[in-house]
Protein chains: 2
Amino acid sequence: MPDKPWRIPKVAVAVDLAVLTVRADQLQILLVERAIAPFRGMLALPGGFIASKEEDLDVAAARELAEETGLDAGQLHLEQMRTYGAPDRDPRGRVLTVCYFAVVPNLPLPTAGGDARAARWTPVDSVLDGDIDMAFDHRTIVADAVERARGKLEYTTLGAAFCATPFTVSELRHVYETVWGHPLDPRNFHRKITGVAGLLVATGERTTRDGGRPAALYRCGPATTMHPPILRGTER
Amino acid sequence: MPDKPWRIPKVAVAVDLAVLTVRADQLQILLVERAIAPFRGMLALPGGFIASKEEDLDVAAARELAEETGLDAGQLHLEQMRTYGAPDRDPRGRVLTVCYFAVVPNLPLPTAGGDARAARWTPVDSVLDGDIDMAFDHRTIVADAVERARGKLEYTTLGAAFCATPFTVSELRHVYETVWGHPLDPRNFHRKITGVAGLLVATGERTTRDGGRPAALYRCGPATTMHPPILRGTER
DNA sequence: TGAATAGTGTCTATTAGACAATATAAG
DNA sequence: CTTATATTGTCTAATAGACACTATTCA
């Protein structure tokens, strides 16, 4: 069974983006309302087909994000998450979608464009609980993205990506509490998170924006992983 | 920019497999010698193009594994690892490859077939150290697979997949030592691994195949993850 | 002043890692 | 008996989680 080029099936390739943030005490995901068929008018992840046979996947992801939501991929870290390729996942025919994952601070409301009629932040619980119907297999993709975020908080510095720089320890804790869905002891969290070498760098500034005693401001340090991890046990 | 089907670029889609095992005190990976161009005669991961526009990715992976190496995917757990899609990664043109990851016990030597001239187990160190040239970007893929295995040993029951059932605690420890590349204290390992609820189930049998005092035999229990994880610290 | 949050300290139960000691096989 | 491996136990330092207490702002 040699590789005969004229026999190799060719399929359409898309990229989709699962962009998460914490807004209004909720883990939210960036969704668009589809302006075109199929699933016209339904909510979907931003994304679309690669622009040409030569376009790199990472480039396509950044382009679609900018086109449909106005977000600049230069300001965030896109990482490949997983590829979804069930033969019947798109009614137009075989479409493989390579899904990307990103986390951003609480940003201004996105602006729709391209194939998207509207772009908005949506609580992931609305999606996972089935309150919102989603196009294609995007509900599954959202679930995978949420689980990835929850897991990566444990052993990476992903949490800081949810915060605008500079941030306070309690702002970072609020991210953990929101993503994991349960409260953490502020004192133990402070001790643990500031004890990880290279994770946080104090700017020397302080802020009272969270109320109460002024809190020290930090920016991200060089560390990207935590050993040992902060496990999401059932603290409290 | 509406979705005009006649403008959507179509690309070739392949699946590749990174199948790991522990043999002769080394972490080894299943490679094939390519029988066809490009990279004819060079070593590569088993894999190939999807057979039709309708073939599911998981099915394609199992089929290619059976065709090229004679292994039955029904006997192992294939999980999707990552998709590689750099525009220039295949000299024939744009080819997207969805890579799968699996771990197997020390199996009989594989039998080549399909587009593979030969199939054999190869120490991953030979690949990672550059002693072996590999086709396409497969050296990168091997590195990613090894890192995935090392990481998943910490918090999942993947290690047991390296062992033929039933197995002893010291056989399982040997897997950890080989994959991580450093020795572990047999007594502490025994205490930790048997202390994880649902991980190991004693068969009641014993064996002396490892020499010395007879060791209890175990099979896998229902647990798939470990909390807390066994961290690959610099023990010893 | 009180309310709110920041940050430090302290205590206890648990765990990791080092390693002693005993158990049971083969030769 | 010697050697090899299995398994249990013990000790100590580090850590996690609970929570008291002090510090510093604003209203």
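Labels below follow one simple rule: chain letters A, B, ... track the order of the sequence lines, proteins then strands, and each chain is numbered from 1.
Listed candidates were D:dT8, D:dA23, D:dC19. Nearest to the side chain of A:Arg187 is D:dC19. Distance from the side chain of B:Ala215 is smallest for D:dA6 among the nucleotides C:dC19, C:dA6, D:dA6. Residue A:Pro214 places its side chain closer to D:dT24 than to any other of D:dT24, C:dC19, D:dG17. Listed nucleotides C:dA16, D:dC21, D:dA18 differ in distance to A:Arg191; the shortest reach to its side chain belongs to D:dA18. Side-chain proximity of B:Asn188 to D:dA6, C:dA18, D:dG9: nearest is C:dA18. In the set C:dG7, D:dT7, C:dA6, C:dA6 carries the atom at the smallest distance from any side-chain atom of A:Arg173.
When rounded to the nearest whole Å, the span between CG of B:Leu200 and C1' of D:dA6 equals 15 Å. When the C1' atom of C:dG17 is taken as reference, atom CZ of B:Arg232 falls 18 Å away, rounded to whole Å. A straight line from CG of A:Leu184 to C1' of D:dA16 spans 12 Å, rounded to a whole angstrom. As rounded to whole Å, 15 Å separates atom C1' of D:dT15 from atom CE of A:Met226. One interatomic measurement links the two molecules: CD1 of A:Ile230 to P of D:dT15, which rounds to 13 Å at whole-angstrom precision. Atom-to-atom, CG of B:Asp185 to P of D:dG9 comes out at 16 Å; the value is rounded to the nearest Å. Atom pair A:Leu172:CG and C:dT5:P shows a separation of 17 Å (rounding to whole Å applied). Atoms OH (A:Tyr218) and P (C:dA6) sit 11 Å apart, rounded to a whole Å.
In this structure, A:Glu147 does not pair ionically with A:Arg82, as no charged nitrogen and carboxylate oxygen lie closer than 4.0 Å. B:Arg34 has no carboxylate O lying under 4.0 Å from a charged side-chain N of B:Glu68, or vice versa, which leaves the two without a salt bridge.
When the nearest nucleotides of DNA chain D are assigned to B:Arg206 and A:Gly211 by heavy-atom distance, the more 5′-ward of the two goes with B:Arg206. Both B:Asp210 and A:Thr208 sit near DNA chain D, but only B:Asp210 has its closest nucleotide nearer the 5' end.
Residue-level contact check: B:Ser170 touches the backbone only, with heavy atoms under 4.0 Å from sugar-phosphate atoms and none from bases. At a threshold of 4.0 angstrom between heavy atoms, the contacts of A:Arg209 with the nucleic acid are absent.
Here the closest heavy-atom approach between residue B:Leu78 and residue B:Ala73 is recorded as CD1-CB, 4.2 Å.
Of the candidates B:Asp16, B:Asp144, B:Asp137, B:Asp144 is the only one forming a side chain to side chain donor-acceptor pair (under 3.5 Å) with B:Tyr84.
Counting distance only, with no hydrogens placed and no angle test, the side-chain atoms of B:Arg213 and the base atoms of D:dA6 include a donor-acceptor pair under 3.5 Å.
Residues A:Thr178 and A:Asp25 bring no donor and acceptor atom of their side chains to less than 3.5 Å of each other.
Note on A:His190: a side-chain N or O is less than 4.0 Å away from OP1 or OP2 of C:dG7.
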